[in-house]
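Contents: one structure, followed by commentary.
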Amino acid sequence: MAGAPGPEIREKFQAALALSRVELHKNPEKEPYKSKYGARALLEEVRALLGPAPEDDDERAADDGPVDQALGAGEPRDAEGPGAQRALRLAVVEFHLGVNHIDTEELSAGEEHLVRCLSLLRPYRLSLGCVSLFIQAQNNLGILWSEREEIETARTYLESSEALYNQYMKEIGSPPLDPTEHFLPEEEKLTEQERSKRFEKVYTHNLYYLAQVYQHMEMFEKAAHYCHSTLKRQLEHNAYHPMEWAINAATLSQFYINKLCFMEARHCLSAANVIFGQTGKITATEDSKFASPEVEGDMPELYHQRKGEIARCWIKYCLTLMQNAQLSMQDNIGELDLDKQSELRALRRKELDEEESVRKRAVQFGTGELRDAISAVEEKVRYLRPLDFEEARELFLLGQHYVYEAKEFFQIDGYVTDHIEVVQDHSALFKVLAFFEADMERRCKMHKRRIAMLEPLIVDLNPQYYLLVNRQIQFEIAHAYYDMMDLKVAIADKLREPDSHTVKKINSLNQSALKYYQLFLDSLRDPNKVFPEHIGEDVLRPAMLAKFRVARLYGKIITADPKKELENLATSLEHYKFIVDYCETHPEAAQEIEVELELSKEMVSLLPTKMERFRAKMALT
């Protein structure tokens with residue numbers, strides 16, 4: 001290898017790197033890029049001192065794009081001789097000029113320098129002195145094209161970097177030079193260990209950017225795989241900010257939750273808890289690629305926000321696991337099917353035997369003490385579907401713990417939408433727990449708790465600004481009252497003759513359910529209070545369900561007055577007829593409420609006869 005450049009070039013290059021690292025807020029307010037421009041001037045001086053680029057390769061000018069390793073793009077060769085060394089040093093300067101221009105928001109100029117860097121390096125891309133810089137240049141071009149929303153181009157650059165890393169490790173394998181070493185005297189060159197650390201960090205960046213690109217392209221499976229690999233490598237190489245690593249792991253858990261991979265989700269969340277606990281206790285690494293440096297003054301608020309966000313991921317874990325169990329065990333009217341419950345119990349041992357060892361090995365983060373700490377958190381949380389009330393209650397209590405934790409930060413003042421979503425999740429936890437509860441009185445109390453936490457939310461909400469949220473809450477409160485009424489009716493049916501207090505309670509719950517369903521339906525009306533002829537797709541099913549339940553509620557009102565009962569039946573029939581008529585003129589609606597539509601048709605057929613009998617009976621009396 002040719003000798004190091006002269007002292008003047010080395011000093012200017014090192015000075016340029018030092019200026020590049022100056023944080024923007026340390027520059028004068030009116031000259032935020034002063035240090036960047038200073039670094040650029042020095043880099044341009046270094047380029048001039050190095051002299052013109054060698055012009056012995058036609059392919060440099062011919063191919064400016066990413067290298068497809070499978071197609072070869074010209075056989076790589078060693079970077080030997082003065083010409084090759086000058087090309088490599090010029091490429092280092094072009095790379096830093098490219099990053100410099102991107103930092104000052106001059107993207108086109110930045111792209112030109114990075115492409116020039118690749119052009120100079122292309123013949124030597126697999127050599128010890130070149131491969132790291134080549135991958136870094138392609139990574140930066142990948143980011144650049146991603147920010148332009150040219151995702152396919154970004155993907156091509158980043159996948160080329162990944163392929164080059166794999167090819168280099170397979171064919172050569174020894175730690176390559178860090179780009180800065182081309183401007184260091186021999187005695188200041190990095191150790192093999194430091195070279196390896198830096199090169200692996202470059203590859204970790206590559207995986208991190210690929211994860212983002214695949215996420216943007218909605219290739220969620222691939223995005224999760226690359227995100228998981230990034231997180232593992234960050235721990236292995238101790239290159240992470242605890243707070244941001246934790247939030248990324250918690251976010252990854254949501255992918256696994258949606259795939260119903262609860263063991264993997266639990267592992268991600270447990271690791272997030274353990275690593276988040278390191279915040280403020282260890283020195284964050286210098287690796288700012290993965291997280292914005294945490295400004296000291298903002299740290300307390302950011303800390304509590306991230307803690308609340310991780311708590312919300314835990315809530316989703318508990319809620320989805322319970323809901324999945326409910327779906328697996330309920331019958332066609334939403335009650336517990338004992339046969340299905342028995343079948344799932346028989347399957348559990350098989351699940352434990354087959355899944356635990358294989359799947360757990362595949363997702364583990366960390367080694368040694370860190371892995372033990374993560375396992376200690378995991379062991380306190382179930383990942384198998386709860387099959388009875390006690391198992392469900394265990395998950396409910398964990399979810400409720402994180403509800404309180406999330407609400408510490410996401411308060412109604414300042415975080416209205418987030419706060420409401422947390423309360424809705426809390427209500428949903430009670431709702432699914434009620435499914436596992438056999439005692440109907442206790443189930444009633446759970447729904448009462450839901451109402452108590454939901455009703456205050458809509459008192460202060462402006463329906464104009466929070467229309468969708470208002471609708472959601474109105475519908476949910478109505479459904480809670482509806483469920484309570486059904487339970488009270490079921491309890492009363494077991495009595496020989498329900499007393500006046502029970503009748504009054506049933507009618508009160510009925511009226512409350514009707515009130516909130518009507519508020520929901522009224523919110524669909526236009527400014528002239530006219531109900532829409534065509535109901536929007538986003539509210540079609542809830543609107544049809546509300547109409548069906550209103551019809552059913554009017555039929556459930558208990559009254560000793562025949563005239564009033566006839567009026568209630570007429571109102572009930574009116575709502576059933578609306579559903580049948582609407583589905584005839586809007587076939588898409590029929591697919592949304594197949595069961596309710598069949599019942600509505602049946603009631604439209606039966607109720608007129610029942611009403612005629614009532615009229616005849618009233619005439620006789």
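- Annotation: cation-pi pair K547/F531 present, NZ/CZ under 6.0 Å from the ring centroid and within 45° of its normal.
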Determine all donor-acceptor pairs shorter than 3.5 Å in which one atom belongs to a side chain in residues 417-426; sequence neighbours excluded.
from : atom 1 : to   : atom 2 : distance (Å)
D418 : OD1    : R312 : NH1    : 2.8
H419 : ND1    : F410 : O      : 2.9
E421 : OE1    : R312 : NH2    : 2.6
Q424 : NE2    : Q472 : OE1    : 3.2
D425 : OD1    : K316 : NZ     : 3.1
D425 : OD2    : K316 : NZ     : 3.3
H426 : NE2    : Q400 : OE1    : 2.9

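- Heavy atoms only, all atoms of each residue included: I257 and C313 are closest at CD1-O, 4.1 Å.
- Shown here for Y303 and T279, the closest heavy-atom pair between the two residues is CD1-CG2, 3.9 Å.
- When the shell of 6.0 Å around NZ of K577 is examined, it contains 12 or fewer heavy atoms from other residues, nucleotides or ligands.
- The closest side-chain heavy-atom distance from P608 to E612 is not below 4.5 Å.
- Proximity of N273 to W314: side-chain heavy atoms (C-beta onward) are separated by under 4.5 Å at one or more points.
- Each of K556, R552, H447 was evaluated against Y482; a single residue qualifies, R552, per the side-chain hydrogen bond (donor to acceptor under 3.5 Å, both in side chains) test.
- For residues 503-529, every residue pair satisfying the side-chain hydrogen bond (donor to acceptor under 3.5 Å, both in side chains) rule, not counting sequence neighbours, is listed here: E455-Y516, R471-S523, Y517-R549, Q518-D522, D522-R525.
- At least one donor-acceptor pair under 3.5 Å links the side chain of Q411 to the backbone N or O of E408.
- Put simply, the side chain of Q215 never gets that close to the backbone of F220: no donor and acceptor are under 3.5 Å apart.
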Side-chain donor-acceptor contacts of residues 249-256 below 3.5 Å, not counting sequence neighbours, with atom names and distances?
from : atom 1 : to   : atom 2 : distance (Å)
T251 : OG1    : I247 : O      : 2.7
S253 : OG     : A250 : O      : 2.4

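- With a 4.5 Å cut-off on side-chain heavy atoms, L545 and E596 count as touching.
- Qualifying ring-ring contact (aromatic ring centres under 6.0 Å, His included) partners for F365, counting only residues two or more places apart in sequence or in other chains: H228, W245, H267.
- Other residues, nucleotides and ligands contribute only 12 or fewer heavy atoms inside 6.0 Å of the CZ atom of R393.
- Of all non-hydrogen atoms in F409 and E301, the two that sit nearest each other are CE1-O, 3.7 Å.
- Residues S146 and Q212 form no side-chain contact, since every pair of their non-hydrogen atoms from C-beta on lies 4.5 Å or further apart.
- No more than 12 heavy atoms of other residues, nucleotides or ligands lie within 6.0 Å of NZ in K259, so this atom counts as exposed by the packing criterion.
- The shortest non-hydrogen separation linking V604 to L573 is CA-CD1, 3.8 Å.
- Without hydrogens or angle criteria, R348 side chain to R385 main chain gives a donor-acceptor distance under 3.5 Å.
- At a threshold of 4.0 Å, the pair E584-K601 does not count as salt-bridged, since none of the basic side-chain nitrogens sits closer than that to a carboxylate oxygen.
- With hydrogens and angles left out, the side-chain atoms of S427 and E476 include a donor and acceptor closer than 3.5 Å.
- Evaluation of the side chain to side chain contact (heavy atoms under 4.5 Å, CB included) rule for N568 yields Y554, I557, T559, K564 as partners, not counting sequence neighbours.
- Atom CD of E588 sits in a crowded spot, with more than 12 heavy atoms from other residues, nucleotides or ligands closer than 6.0 Å.
- Below 30°, between 30° and 60°, or above 60°: for F430 and F396 the angle between ring planes is above 60°, a perpendicular geometry.
- A salt bridge does not link E437 to R443: none of the charged nitrogens lies less than 4.0 Å from a carboxylate oxygen.
- Exactly one of T571, L519, V550, L509 qualifies for a side chain to side chain contact (heavy atoms under 4.5 Å, CB included) with L514. That residue is V550.
- Contacts of Y582 classified as ring-ring contact (aromatic ring centres under 6.0 Å, His included), with partners at least two apart in sequence or in another chain: F578, H586.
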